Structure formats: structure tokens, C-alpha cells
Amino acid sequence: MAGKLNLNGIGMTSQRTRERLLGRLIEQGITNMEVLDVMRSTPRHIFLDEALSHRAYEDVALPIGHNQTISQPFIVARMTEAIVDSGPLEKVLEIGTGCGYQTAVIAQLADTVYTVERIKPLLARARKNLKLLGLRNVEYKHDDGSLGWEDKGIFDAIITTAAPQQVPAELLAQLKEGGRLVIPVGGEGGQELRLITRTADDFTTEVLNLVRFVPLLVGQVQN
Ligand code: SAH
């Protein structure tokens, strides 16, 4: 038993509602079975406040406080699929931990996840959520992640869940050859979700989707 929380969920968080979400992911083009399995088994309701947990299995972003959101499941699956398809993942860097939902998904598919969040209480909440799920292969850092996490690099993949106006050069520099960076780029009105791959002497870019993430901000906040 995991304390007072019900990991399986009741009512709107029941297995049936979760299967419906999975159907939506498949309809929208997610095909990687490993990713679909992890999306199926990761309880999204534990990442939300109780008042919103009945909406946990809707395919929408939802507020988590501090003016931030939990990502839409389809986008989490899309970003994860984009990095998993490149082969085995030893080290993955995530910028923008938020409540830790995307972190939890990647942690089940990579050896180690390094995650950076600029809002301290959100990082604490993510840590608690992942502990509850028994996910221990995650290292957390409270910092401005636009500079990446150089000491821990270089990475097989980097996922950024907040949008800069331009791709930070530091993130590109921390990618392995063959490594992938998935990042929304643009203003608050909407962004391109880009998949950038490091080749032997250059980078290639593909646009995956049009998305709307919160902006990647500079500096860190304590509360
Ligand atoms: N990954 C989350 C979504 C988080 S929303 C999920 O799965 O639901 C984006 C997060 O990026 C917010 O928590 C925001 O505080 C954080 N963020 C914004 N700018 C940042 C920066 N420069 N460094 C680290 N985190 C940042």
C-alpha cells in the first residue's frame, strides 16, 4: 500500500477512464508500445490537487499552481516517443520538472533522468510524487535549466517542457552524437515542437507538432 493515496484510482480515475485516454493517444498516432505501456500504467491523478484529480485522464494540460501546468498526455507521449525511438537511453536531461509527470514517464524508459526546475516548491512536489511511485533513478536540481546540467552530461536525450524563443546553445552542446533534443520553440501564442538530432558535425531539425507550453524563464525562485 502506498500510504493514503489510491494509485489505481476510483470513479473518474478508474482503469476504464485510463483506457479511454490510451485509445486517444493511439488515435493521435502514438505507436511505440513501450511508450503506450508506460502511459497506461503511470497514474496521472496523483500529480494533481484533489479538486482536479477527476480530470486527470482527460487529454488536456491542467493547472498545478505557481502559474504552471501539468502537460497534456498526448504531448508527453509524443515527446517521449521522439527520444525513445533513437535507441537505448542511459542519461536523459529534462528541463522543467513541474509536478514530475513527464519525469515519471521517462524514468521508466531510461537508466537515469536528470531533471531541473526553477520553482523550488514544485521540485519538492515532484520528488514526493516520484518517491510515491517508487521511481529512484532520478536526480533533481533546483536551478535555471536553460544552461542544462553540464556536470552530468553529455546526454542521450534532452526534453524541455517550457518554451524558449530560441534553442539554447548550451543544450545543444550537452547532446551526444546521435542524441536528440525535443523542445518547444516560440512565443506564448504557440510554438513549434522541434526534434533536433546531433549528427557527426551538425544538427538536423524536424517539426513534430504545434504546441503551447509555458515560457522558459531565466533565474530561479524560492517559493
Ligand atoms: N514536465 C511537466 C510540465 C512542466 S510545465 C509535466 O510533465 O507536467 C514547465 C515547467 O518548466 C514549469 O514548472 C516551470 O517552472 C519550468 N521552467 C520554466 N523555465 C525554466 C527554467 N529556465 N529552468 C527550469 N525550469 C523552468
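Predicted model only: the values in this text are computed from it and were never measured. Whatever order the structure lists ligands and atoms in, that order sets their numbers, starting from 1.
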Show the distances, to 0.1 Å, for all pairs joining an N/O atom of ligand 1 and a protein N/O atom that are shorter than 3.5 Å, listing one pair per line.
unit_1, atom_1, unit_2, atom_2, d
ligand 1, 1 (N), G96, O, 3.0
ligand 1, 1 (N), T161, OG1, 3.2
ligand 1, 7 (O), Q102, N, 2.8
ligand 1, 8 (O), S71, N, 2.8
ligand 1, 13 (O), E117, OE1, 2.7
ligand 1, 13 (O), E117, OE2, 3.3
ligand 1, 15 (O), E117, OE2, 2.6
ligand 1, 19 (N), L217, N, 3.0
ligand 1, 22 (N), D144, OD1, 2.8
ligand 1, 22 (N), L217, O, 2.5
ligand 1, 23 (N), G145, N, 2.7
ligand 1, 25 (N), R118, N, 3.4

**Study point:** Member of I158, I183, L181, T160 meeting the side chain to side chain contact (heavy atoms under 4.5 Å, CB included) criterion with P168
**Key:** I183
Run the side-chain donor-acceptor check on residues 93-100: report pairs under 3.5 Å with partners two or more places apart or on a different chain.
unit_1, atom_1, unit_2, atom_2, d
E94, OE1, T103, OG1, 2.6
E94, OE1, T115, OG1, 2.7
T97, OG1, T115, OG1, 2.8
T97, OG1, V116, O, 3.4

Review point. Taking the side chain from N32 and the backbone from E34, do they hold a donor-acceptor pair closer than 3.5 Å?
Key: yes
Review point. Would you say the side chain of T31 lies within less than 4.5 Å of the side chain of E81, judging by non-hydrogen atoms?
Key: yes
Review point. Taking only residues two or more places apart in sequence, or in another chain, which ones meet D144 in a salt bridge (charged side-chain N to carboxylate O under 4.0 Å, His left out)?
Key: none
Exercise for review: Tell me, please, which residues at least two apart from F47 pass ring pair (Phe, Tyr, Trp, His ring centres under 6.0 Å).
Suggested key: Y101
